[in-house]
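Note that the numbering runs from 1 along the sequence shown for the chain.
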Amino acid sequence: MVGFEVVPVRELPDSSRCQELINTFTNIYKNKPSFCVRVPGRVNLIGEHIDYCGYSVCPMALDQDVLIAVSVQNDKKLQLHNIDTKYKEFECDIDNFEISLGKELRNGISISYVASKEFLTFYQMKLQQKA
């Protein structure tokens, strides 16, 4: 059992941006995404950086967001592609992963990677149970 709650599924907004994400994903990976996620930006009205120390903050969601399309495969690879071409594509083996950036950014990415890997493992188990 994974130690987090499953968030209720909601439809993505019907926008040209969401459609571009799905179309780009389908063109690159030759299949439609298993699911898409919208993550709103946030700002801390009170408590910038103190939440890392366990103190209270007052976060607020912003209109800016990140849209992510995901497909779970059996090849043990993490492949990242940004619609904005100024960002390079990234691919790695999910069992042998290393980031060569500054310590702070590397730690943040590593934490995000571990959380993503845990979620994807959980999602794969759910797909297998439905099959």
Side-chain angles (χ1 to χ4, degrees):
M1 178 71 182
V2 178
F4 58 84
E5 289 185 39
V6 176
V7 178
V9 175
R10 296 186 181 171
E11 293 291 322
L12 283 178
D14 186 20
S15 69
S16 60
R17 191 166 157 245
C18 291
Q19 194 57 52
E20 179 186 10
L21 172 70
I22 293 168
N23 291 341
T24 301
F25 185 97
T26 303
N27 288 337
I28 292 170
Y29 299 110
K30 308 301 182 221
N31 65 327
K32 290 191 174 191
S34 301
F35 61 93
C36 296
V37 178
R38 177 186 171 270
V39 182
R42 76 168 203 178
V43 63
N44 288 332
L45 299 177
I46 302 171
E48 188 65 30
H49 301 299
I50 65 170
D51 54 341
Y52 302 119
C53 299
Y55 296 102
S56 298
V57 295
C58 186
M60 180 180 82
L62 302 174
D63 287 338
Q64 291 85 355
D65 60 10
V66 174
L67 295 174
I68 302 169
V70 177
S71 179
V72 178
Q73 304 297 319
N74 292 323
D75 60 5
K76 297 282 208 170
K77 290 186 179 180
L78 172 65
Q79 297 173 308
L80 304 175
H81 179 91
N82 195 312
I83 289 176
D84 189 336
T85 56
K86 72 180 178 184
Y87 299 102
K88 293 181 184 178
E89 292 182 32
F90 177 82
E91 182 177 317
C92 71
D93 181 340
I94 62 172
D95 292 326
N96 188 12
F97 184 121
E98 185 174 321
I99 301 277
S100 58
L101 301 170
K103 182 180 177 186
E104 294 80 14
L105 184 56
R106 183 176 60 244
N107 288 343
I109 290 173
S110 296
I111 290 167
S112 298
Y113 167 73
V114 170
S116 299
K117 186 174 176 184
E118 186 173 313
F119 174 77
L120 289 174
T121 300
F122 172 76
Y123 185 74
Q124 282 180 317
M125 287 179 1
K126 287 292 189 187
L127 286 177
Q128 290 171 354
Q129 289 174 356
K130 288 182 180 180

From [atom1] ([X]) to [atom2] ([Y]), nearest 0.5 Å:
X     : Y     : atom1 : atom2 : value
Ser16 : Leu21 : OG    : CG    : 11.5 Å
Asp93 : Asp75 : CG    : CG    : 9.0 Å
Ile83 : Phe25 : CD1   : CZ    : 11.0 Å

Taking all atoms of both residues into account, what is the closest heavy-atom pair of [X] and [Y], and its distance?
X     : Y     : result
Arg38 : Asp63 : NH2-O, 3.9 Å
Pro33 : Cys36 : CG-SG, 4.0 Å
Pro40 : Leu62 : CB-O, 3.9 Å
Ser71 : Ser34 : CA-OG, 3.5 Å

Do the non-hydrogen side-chain atoms of [X] and [Y] ever get within less than 4.5 Å of each other?
X     : Y     : result
His81 : Phe90 : no
Thr24 : Thr26 : no
Glu89 : Gln79 : no

- Message: Between Arg17 and Asp65 (salt bridge meaning N to carboxylate O under 4.0 Å), is one present in this structure?
- Response: yes
- Item | Pair Lys76 + Asp95, salt bridge at N-O below 4.0 Å | yes
- Any chain of hydrophobic side-chain contacts (each under 4.5 Å) joining Phe35 to Ile68? yes
- Are more than 12 heavy atoms from other residues, nucleotides or ligands located less than 6.0 Å from atom CG of Asp84? yes
